[in-house]
Protein chains: 2
Amino acid sequence: MRERSIFAGLSGEELCALGMDVVDLELGAGTTIYHEGEDACCAYTLREGAVKLVKSLADGRAQIVRLLHHGDLFGFEGLHRQRHQHTAIALSTVKLCRLDLRELDQLSQRLPVVREAIFRRWQRALEEAESRIVDLGARRAEARLATFLLQWAEAYPQHRSLPFPLTRQDLGEFLGLSTEHVSRIMADFKRRGWLRESRGTLEILMPQALREDSAS
Amino acid sequence: MRERSIFAGLSGEELCALGMDVVDLELGAGTTIYHEGEDACCAYTLREGAVKLVKSLADGRAQIVRLLHHGDLFGFEGLHRQRHQHTAIALSTVKLCRLDLRELDQLSQRLPVVREAIFRRWQRALEEAESRIVDLGARRAEARLATFLLQWAEAYPQHRSLPFPLTRQDLGEFLGLSTEHVSRIMADFKRRGWLRESRGTLEILMPQALREDSAS
DNA sequence: CGCTATCTTGACCATAATCAACCGGAGTGG
DNA sequence: CCACTCCGGTTGATTATGGTCAAGATAGCG
């Protein structure tokens, strides 16, 4: 489903060999990687862990615009825009690969394959954004949460018990719901025996039930 | 604000001169330009009029994913995907410029400027999609409608009285609201003297009031 | 003039937000 | 070791926002 490899085959090491000076980073949960509106100097690839991209509202609330997993790229809006469009925050301990945007731009001018790879990621980001628009615009809370959990699980195909570093508030900010409502629905799912949860991990016991629920 | 020119300076005629065989089309309001899931052979630039990109839901409802104005490009997802991701429907009489995707792809391989132009459009589409996610996820009906009307107006900077071919249902499908609720809010805006509406045109009498309302 | 679409309005209902209290685990300090 | 606090989560009661259903109103159109 997802192309997990960085740059569709070009790993960080290979980029490095191509003349990029790539910096590996490891950051703790909760660390802000960059701020919305900040001058964009770097883009990142996410090697391990999860990251949220957040837009802050005037009234202090926040909306999570995108959630990133192993293999995802972010901070690339700086290729054309001067400033970052979101705040990027690590949800768990993350391993990143930092790329200089100026170098990356030059590299992508020279190597069509790199440009192509970025382009494809961009396209997938747009598709995902559009399917979230449909979700938020046309589906109810329960269905949104159900689809979300299933999608989250897709990001960890090998795991039976998923890493799940999201708080109820994160879920709410992603799904456009209050923390209380998220909590109620999660409790409901658990009561029905569809889920099990403990200390940052999640187990989906009855994906089919969730799938049916997400259809409604 | 918006880059209105096609291909950031490359007009349809210029593309034609570059060896693209570009077909000009004129279609009536309500015409379906292509269907979701259909094999994508062509992309389009919108020379005149407005188009909606729609995703249909299982239960028969629809969500408008994007609204397009003069100068916008659409159908380009076919560059990488085989199939169209939305249904494109003309809201008014439209003048289109049809581009063969295969040719366009080749052209964009040869001319970095073309590729760059498409890339930038893609990026703007993503930004708009993300701001709609914030809208749908975090703002109330009134605020969403207010911001939408102001944005619609931006697409017609020269007009005092705007072309407004959207039905209440279109508005609802775009904003994630029922037609009735849209109707109520529109009536409210009109009662407060912020808008005037007649026969497919809209006049924004008090943009400042709308702006304040859209902030809440 | 009558037909049909769309729009409007009202009454009622459902979904989800808000407000508030409480629970429970992880740290912290005595 | 135990109280205490803090934070996130849960639950309940109440409110509000917006959806649904149904009945008119309006306007384009043959």
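Proteins come first, then strands; the chains are lettered A, B, ... in the order of their sequence lines, and each starts at number 1. Predicted model, so just to flag it, every value in this text is computed and none were measured.
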Assigned partner base of D/dT26, Watson-Crick or wobble definition, under 3.5 Å = none
task = For C/dA5, give its Watson-Crick or G-U wobble partner with both distances under 3.5 Å, or none.
result = none
Short side-chain to backbone donor-acceptor contact, A/W122 and A/F76, under 3.5 Å = no
request  = For the pair A/Q123 (side chain) and B/E77 (backbone), establish whether a donor and an acceptor sit closer than 3.5 Å, ignoring hydrogens and angles.
outcome  = yes
query = So where does chain A start and stop touching DNA chain D, 5' to 3', when the test is distance under 4.0 Å to a non-hydrogen atom?
reply = D/dG9 to D/dA13
ask   = Does C/dA5 adopt a syn or an anti glycosidic conformation, taking syn as a chi angle within 90° of 0?
value = syn
key: Segment of DNA chain C, first to last nucleotide, that comes within the 4.0 Å heavy-atom reach of chain B   = C/dC7 to C/dA11
inquiry  = Whether the side chain of B/R83 engages the backbone of B/G78 through a donor-acceptor N/O pair (distance < 3.5 Å, no angle test) should be reported.
reply    = no
query = Does B/R102 have any salt bridge (Lys or Arg N to Asp or Glu O under 4.0 Å) partners at least two apart in sequence or in another chain, and if so, which?
reply = none
Contacts of type salt bridge (Lys or Arg N to Asp or Glu O under 4.0 Å), residue B/R184, not counting sequence neighbours = none
query = For A/R184 and B/E180, take the nucleotide of DNA chain C holding the closest heavy atom to each; which residue's nucleotide lies nearer the 5' end?
reply = B/E180
task = Not counting sequence neighbours, which residues clear salt bridge (Lys or Arg N to Asp or Glu O under 4.0 Å) with A/K52? List them please.
result = A/D170
query = Between A/H84 and A/C42, what is the shortest heavy-atom contact and its length?
reply = CE1-O, 3.6 Å
inquiry  = Using a 3.5 Å distance criterion without hydrogens, assess whether the side chain of A/R139 forms a donor-acceptor pair with backbone atoms of A/R144.
reply    = no
note = Taken in chain and number order and not counting sequence neighbours, the residues that satisfy side-chain hydrogen bond (donor to acceptor under 3.5 Å, both in side chains) with B/R196 are none
request  = Would you mind listing every ring pair (Phe, Tyr, Trp, His ring centres under 6.0 Å) that reaches into residues 165-185 of chain A, with sequence neighbours excluded?
outcome  = A/F148-A/F174
query = Would you call the rings of A/Y44 and A/F74 parallel, tilted or perpendicular, where under 30° means parallel and over 60° means perpendicular?
reply = parallel
message = Going by salt bridge (Lys or Arg N to Asp or Glu O under 4.0 Å), name the residues that satisfy it together with B/R140, two or more places apart in sequence or in a different chain.
response = none
inquiry  = Would you compute the distance between atom CD1 of B/I204 and atom CD of B/E197 and round it to the nearest 0.5 angstrom?
reply    = 11.0 Å
ask   = Does any residue of residues 137-150 of chain A have a heavy atom under 4.0 Å from DNA chain C, and if so, which ones, in number order?
value = A/R140, A/A141
Neighbours of DNA chain D within residues 188-204 of chain B, by heavy-atom distance under 4.0 Å = B/R199
key: DNA chain C-proximal residues of residues 164-177 of chain A, any heavy atom under 4.0 Å   = A/G176, A/L177
note = Those residues at least two apart in sequence (or on a different chain) that pass ring pair (Phe, Tyr, Trp, His ring centres under 6.0 Å) with A/H159 are A/Y156
message = Once rounded to the nearest 0.5 Å, what's the spacing between atom CD1 of A/I185 and atom CG of A/L177?
response = 6.0 Å
